[in-house]
Amino acid sequence: MAQEKILLIEDEAEIRELIKLALEAAGYTTIYEADNGEDGLGLARSRQPDLILLDLMLPGMDGLTVCRKLKIAEETRNIPIVILSAKSEESDVVLGLEMGAGDYITKPFNRKILAARVRAQLRNISEQENSIEIRCHGLVINQELHSAKLDGEELELTRSEFDILNLLAGHAGRVYTRNQIITRIKGDDYPVTERAIDVQIVNLRRKLGAWGTNIETVRGVGYRLKADY
Ligand code: CA
């Protein structure tokens, strides 16, 4: 039984119920609920959940404002946030991710995908602490040596290709917007435009061969490495 506490901020009771069922089926039994942003912020502070599921379309304070407040406040900034959004809200999703949300799920959601995304976010937190070596789908990245090996073979990557792969693989399951990738990676040849990121990804996929399909294009949002369950 999972011990992690999850806070669910969603105004529609029916959707809250569906999400609760999906989380409980996945073993998450401590679930706090709020049907508006103000109460959600209060619960985030008082209960210190391990993860927050946050709807964007809320009455009163909207989800993006809640997200920003959570990420500004010292006591809540490290809690991972997964955004719940409708299909038409892609640009808001991008804003939410750039404010620091870890991932998003489009409604109507699939129960297994919801559970998988939640698990990936919770796992990222515990793995970030000892991250000299990242292993993902058979790829081994050593951050100290700046080396990436696939099936024992060293990959010939440029500095920025390595940094992008390292970023995505270090947080498998998490979506990054192009802008976030630009700010996170550094180096002499780091790309400065969103288009340049697309080019880097094309090159990376080519060098990675069949493994490259693990890098998913998230339409209208950015890129993610498939979680390795
Ligand atoms: Ca709503």
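We count ligands from 1, going down the list as the structure has it; atoms in each ligand are counted the same way. These figures come from a predicted structure and were not determined experimentally.
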Problem - Distance (rounded to the nearest 0.5 Å) between L208 CG and T213 OG1 - result: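 Here the rounded value is 9.5 Å.
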
Exercise for the section: Would you mind counting protein N, O or S atoms that sit less than 3.0 Å from the Ca ion (ligand 1)? Expected result: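 With waters ignored, the protein N/O/S count below 3.0 Å is 3.
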
Exercise for the section: Please identify each residue that fulfils side chain to side chain donor-acceptor pair (under 3.5 Å) with E33, with sequence neighbours left out. Expected result: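 Applying side chain to side chain donor-acceptor pair (under 3.5 Å) to E33 gives R16, K20.
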
Practice task
Using the test side chain to side chain donor-acceptor pair (under 3.5 Å), find all partners of R45 that sit at least two apart in sequence or belong to another chain.
Solution key: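 Once residues adjacent in sequence are excluded, R45 has no partner under the side chain to side chain donor-acceptor pair (under 3.5 Å) criterion.
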
Problem - SB check D103 R174 (cutoff 4.0 Å) - result: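 Judged by the 4.0 Å cut-off on N to carboxylate O distance, D103 and R174 do not form a salt bridge.
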
Problem - Main-chain N/O of E89 paired with D92 side-chain donor or acceptor, under 3.5 Å - result: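 Side chain of D92 to backbone of E89: no pair is present.
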
Exercise for the section: Would you please name every residue forming a salt bridge (Lys or Arg N to Asp or Glu O under 4.0 Å) with R77, sequence neighbours left out? Expected result: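 By the salt bridge (Lys or Arg N to Asp or Glu O under 4.0 Å) rule, R77 matches E74.
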
